[in-house]
**Q** 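Quick one: the structure is below, questions incoming.
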Amino acid sequence: DTGVSQDPRHKITKRGQNVTFRCDPISEHNRLYWYRQTLGQGPEFLTYFQNEAQLEKSRLLSDRFSAERPKGSFSTLEIQRTEQGDSAMYLCASSSPPTNHQETQYFGPGTRLLVL
Amino acid sequence: AQTVTQSQPEMSVQEAETVTLSCTYDTSESNYYLFWYKQPPSRQMILVIRQEAYKQQNATENRFSVNFQKAAKSFSLKISDSQLGDTAMYFCAFMKLTGTASKLTFGTGTRLQVTL
């Protein structure tokens, strides 16, 4: 079990550019979540997948944001036409279906985005 | 919608002492989980402890224990015998219990500093 991995760990981009982040969940975890964390705040939910199906999107996820999980394994989060307000830590988490009413989300190290 | 409130932005405790972090939440749900996550400086979020709302017994994990008061919607974390490695941001989080994937709702966090 190698844990949740995210790539890249850091990204600096200029306003207006597109960026794409990747998340590899724990193997055999069929649930995958994206959160955004700004400085001094708790993570805020963006979207989640069960297998390849995107089941919920937050209102925070504007039309400039798109997430995919094409084969039910890794996921990508793309931000088009980045804005300075997109600067944040983007966290990915994965989980497996709950057993004994227990579900735990395991987090990756995050991708820190800075938009100049 | 659920809300999670952590009213202590920062706390400090001496090594080997005990500290309690506060968390209150608001929900109309009857079945849910509550979590405490730890985020060390520049490191990823890890689960500290979990409580199922249907369980009356307070969860414990080694030096970590919770005081879960369902009627008061309160969920505090007690850290006993504090260690320097406990220095981190601590986030309280809520998850609705559903049959499908469910998002975490986080508080704003408490920064804990353990001193010599």
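Per chain, numbering begins at 1; letters A, B, ... match sequence-line order.
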**Q** Would you say that more than 12 heavy atoms from the other residues, nucleotides or ligands in this model lie under 6.0 Å from the CZ of B/Arg63, or not?
**A**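 Buried by this count: over 12 neighbours within 6.0 Å.
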**Q** So, taking the atom named OG1 in A/Thr104 and the one named CZ in B/Phe35, what distance separates them when rounded to the nearest 0.5 Å?
**A**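 A/Thr104 atom OG1 to B/Phe35 atom CZ measures 5.5 Å (nearest 0.5 Å).
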**Q** Within the distance-only criterion (no hydrogens, no angle test), does the side chain of B/Gln44 pair as donor or acceptor with the backbone N or O of A/Phe107 below 3.5 angstrom?
**A**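 Checking the backbone N and O of A/Phe107 against the side chain of B/Gln44, a donor-acceptor pair under 3.5 Å is found.
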**Q** Measure the shortest side-chain to side-chain distance between B/Lys103 and A/Gln105 over non-hydrogen atoms and say whether it is less than 4.5 angstrom.
**A**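 Answer no - side chains too far apart.
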**Q** How long is the span from the CZ atom in A/Arg31 to the OG atom in B/Ser102, to the nearest 0.5 Å?
**A**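 Output value for this atom pair is 8.5 Å.
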**Q** Can you tell me which of A/Ala93, A/Pro43, A/Pro109 forms the most heavy-atom pairs within a distance under 4.5 Å of chain B?
**A**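 If we count pairs closer than 4.5 Å to chain B, A/Pro43 comes out on top.
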**Q** Say whether B/Met95 and B/Ile46 are linked into one hydrophobic cluster, either directly or through other cluster members, by side-chain heavy-atom distances under 4.5 angstrom.
**A**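 No, no single cluster joins them.
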**Q** I'd like to know if B/Phe91 and B/Val19 are part of one continuous hydrophobic network [Ile/Leu/Val/Met/Phe/Trp/Tyr, side-chain heavy atoms within less than 4.5 Å].
**A**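 In one cluster with B/Val19: B/Phe91, no.
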**Q** Heavy-atom distances under 4.5 Å only: say whether B/Met89 touches chain A with side chain, backbone, both or neither.
**A**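 Neither part.
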**Q** Do other residues, nucleotides or ligands put more than 12 heavy atoms under 6.0 Å from B/Glu29 CD?
**A**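 Yes - once you tally the heavy atoms of other residues, nucleotides and ligands closer than 6.0 Å, there are more than 12.
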**Q** Only one of A/Tyr35, A/Tyr48, A/Phe45 passes side-chain contact (heavy atoms from CB on, under 4.5 Å) with B/Leu104; say which it is.
**A**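 Of A/Tyr35, A/Tyr48, A/Phe45, side-chain contact (heavy atoms from CB on, under 4.5 Å) with B/Leu104 is met by A/Tyr35 alone.
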**Q** Starting from A/Leu61, can I reach A/Leu32 by hopping between I/L/V/M/F/W/Y residues whose side chains sit under 4.5 Å apart?
**A**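 Yes, A/Leu32 connects to A/Leu61 through the hydrophobic network.
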**Q** Side chain from CB out, backbone as N, CA, C, O: work out which of these in A/Gln37 comes under 4.5 Å of a heavy atom of chain B, or both, or neither.
**A**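 Contact with chain B: side chain only.
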**Q** In terms of heavy-atom proximity below 4.5 Å to chain A, should B/Gln6 be classed as side chain, backbone, both, or neither?
**A**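 B/Gln6 has no heavy atom closer than 4.5 Å to chain A.
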**Q** Quick one: what part of A/Leu91 sits under 4.5 Å from any heavy atom of chain B, side chain, backbone, both or neither?
**A**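 Side chain only.
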**Q** Taking B/Leu84 as the starting point, is it possible to reach B/Phe64 by hopping between hydrophobic residues whose side chains are less than 4.5 Å apart?
**A**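 Result: yes, single cluster for both.
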**Q** Would a hydrophobic clustering, with Ile, Leu, Val, Met, Phe, Trp and Tyr connected at side-chain separations under 4.5 Å, put B/Ile79 with B/Trp36?
**A**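 Same cluster: B/Ile79 reaches B/Trp36 through Ile, Leu, Val, Met, Phe, Trp or Tyr contacts under 4.5 Å.
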